[in-house]
Amino acid sequence: MLHVLQFGAWLLKLPSRIPVWKQQQTEPAACPRAAGSRCSSRAACADSTDNFVRETEMECRVLSIQSHVVRGYVGNKSASFPLQVMGFEVDSINSVQFSNHTGYAHWKGQVLTADELHVLYEGIKLNNVNHYDYVLTGYTRDTSFLEMVVDIVQELKRANPNLVYVCDPVLGDHGSMYVPQNLYPVYKDKVVPVADIITPNQFEAELLTGKNISTEKDAVEVMDLLHNMGPDTVVITSSDLPPRLGDRFLVSLGSQRIVMPDGTTTTQRIRIEVPKVDAVFVGTGDLFAAMLLAWTHHYPTDLKTACEKTFSVMHHVIQRTISYAHEMAGPGRRPSPAQLELRMVQSKADIEDPAIVMEATVL
């Protein structure tokens, strides 16, 4: 359901060919995404016209607190490789370590507790390397673990007020929750208020705001309510709204509030229709959140472009995955969970430079 952009080949530059401004540079350049911080990937920062203006030497570091699997792609396995390909440094804390995702017939593994999360973070902190530009989180089932994540985010934001927290508030879908109900108030009252970018589906957006979505106008009002709770950027990844392109599509919507230099606020809202795929994938939400982090980094005031690139990456990865899965399964046979694991490495070029196959409409 998503897509990505390509930066082009990395070139090894000999010293004699390094531009003068690079030879004289002694400090990492400032990042347009987070002024005042040393944030940016080695990939070129982009302006709003989609032209990469110059290559930078800045380092952008992400703390990703998500699940881990030995085999396959979910959580940190879905997020780390794509972010690294795009030039981000990724420090991963694995909230669980499983043999594979739980859609398989069998799985084994361990779950990280809130105390163990605290110990890991303290180790980073004691070495004075707890400096981050982004925090990325996804699925969890434990309230104390989630509250510890909030404590860590708040401490990191005190150290770097420009830090951006990207949160996928995983609660449920299609009218029912698939996490314990006691996580809901933690997300609503503690997590969402400290988040900068959130990626709920329709059910999660409705649950967090207490308002149902039946029309596009309802969706805009729900996104505004979520803005008022804290996040500047909201993307409703899927909805039940009627698609204009026909029943084979899903409607996604996004909203971004931007504070202008004069102190006023402007809001960009977009709608994008995404082709449905007749298969169940795991890890796509984690990939989506990671790609939205990356593309809003490069297009911090252009949600339309960031979403077109993000959804296009998703589309290419999913299409490659479903083609491979059907080929492996054979005619007339339903692909297995192993065959439906995301074709992540094979999609490297699409992650770096996705062909744009979906166009967002500005509302």
Side-chain angles (χ1 to χ4, degrees), residues 27-41 44-54 56 58 60-62 131-137 150 153-167 169 187-200 205 208-211 216-236 252-272 289 292-310 360-363:
E27 289 292 326
C31 176
R33 178 64 182 89
S37 72
R38 296 180 177 183
C39 173
S40 175
S41 61
C45 290
D47 63 18
S48 60
T49 62
D50 198 22
N51 294 318
F52 291 107
V53 292
R54 65 179 174 85
T56 71
M58 299 174 289
C60 193
R61 188 168 291 271
V62 181
H131 307 293
Y132 293 97
D133 303 291
Y134 288 89
V135 174
L136 175 63
T137 66
V150 172
V153 169
Q154 290 175 325
E155 181 169 315
L156 293 174
K157 282 194 168 193
R158 287 192 292 270
N160 175 17
N162 294 307
L163 180 142
V164 174
Y165 174 27
V166 181
C167 172
Y187 271 112
K188 182 179 180 180
D189 300 331
K190 297 182 179 181
V191 178
V192 173
V194 299
D196 300 283
I197 299 173
I198 60 172
T199 59
L208 290 168
T209 60
K211 180 178 176 59
E216 187 173 277
K217 180 175 179 292
D218 291 338
V220 169
E221 291 175 357
V222 164
M223 291 189 290
D224 284 343
L225 289 172
L226 290 168
H227 283 314
N228 294 338
M229 293 170 68
D232 295 324
T233 301
V234 177
V235 176
I236 299 177
S252 300
L253 302 108
S255 180
Q256 183 179 50
R257 282 189 177 175
I258 303 167
V259 178
M260 306 303 288
D262 62 2
T264 60
T265 301
T266 182
T267 303
Q268 183 186 60
R269 301 184 181 95
I270 61 101
R271 170 188 175 118
I272 190 165
L292 188 64
L293 182 161
W295 290 114
T296 53
H297 172 80
H298 288 295
Y299 298 91
T301 60
D302 185 0
L303 184 63
K304 179 180 185 294
T305 298
C307 282
E308 287 172 346
K309 292 182 181 294
T310 298
T361 301
V362 176
L363 301 179

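Sequential numbering from 1 along the given sequence is applied to the chain's residues.
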I'd like to know if the side chain of [X] reaches the main chain of [Y], judged simply by a donor and an acceptor atom lying under 3.5 Å from each other, with no hydrogens or angles considered.
| X | Y | answer |
| --- | --- | --- |
| N160 | Y132 | yes |
| T264 | M260 | no |
| K157 | V194 | yes |

Greater than 12 external heavy atoms within 6.0 Å of K211's NZ: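 Atom NZ in K211 is packed in, count exceeds 12.
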
Carboxylate-amine/guanidinium proximity below 4.0 Å for D224 and R269: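 Yes.
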
Between [Y] and [X], is there a side-chain heavy-atom distance shorter than 4.5 Å?
| X | Y | result |
| --- | --- | --- |
| Q268 | D302 | yes |
| L253 | L363 | yes |
| T305 | W295 | no |
| H227 | T265 | no |
| C167 | V192 | no |
| L226 | L208 | yes |

I need the minimum non-hydrogen distance between [X] and [Y], along with the two atoms involved.
| X | Y | answer |
| --- | --- | --- |
| C60 | H297 | SG-CE1, 3.9 Å |
| E308 | A360 | OE2-N, 2.9 Å |
| A289 | L136 | CB-CD1, 3.9 Å |

Contacts of type side chain to side chain donor-acceptor pair (under 3.5 Å), residue D218, not counting sequence neighbours: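 For D218 the side chain to side chain donor-acceptor pair (under 3.5 Å) partners, ignoring immediate neighbours, are T215.
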
Give, for atom [atom1] of [X] and atom [atom2] of [Y], the distance between the pair rounded to the nearest 0.5 Å.
| X | Y | atom1 | atom2 | answer |
| --- | --- | --- | --- | --- |
| R61 | D133 | CZ | CG | 9.0 Å |
| I197 | Y165 | CD1 | OH | 12.0 Å |
| I270 | T361 | CD1 | OG1 | 8.5 Å |
| T209 | M229 | OG1 | CE | 7.5 Å |
| Q256 | K304 | CD | NZ | 13.5 Å |

Reference residue I198; test side-chain contact (heavy atoms from CB on, under 4.5 Å); the match among D232, L292, V234, V191: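 For I198, the side-chain contact (heavy atoms from CB on, under 4.5 Å) test succeeds with only one of D232, L292, V234, V191, which is V234.
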
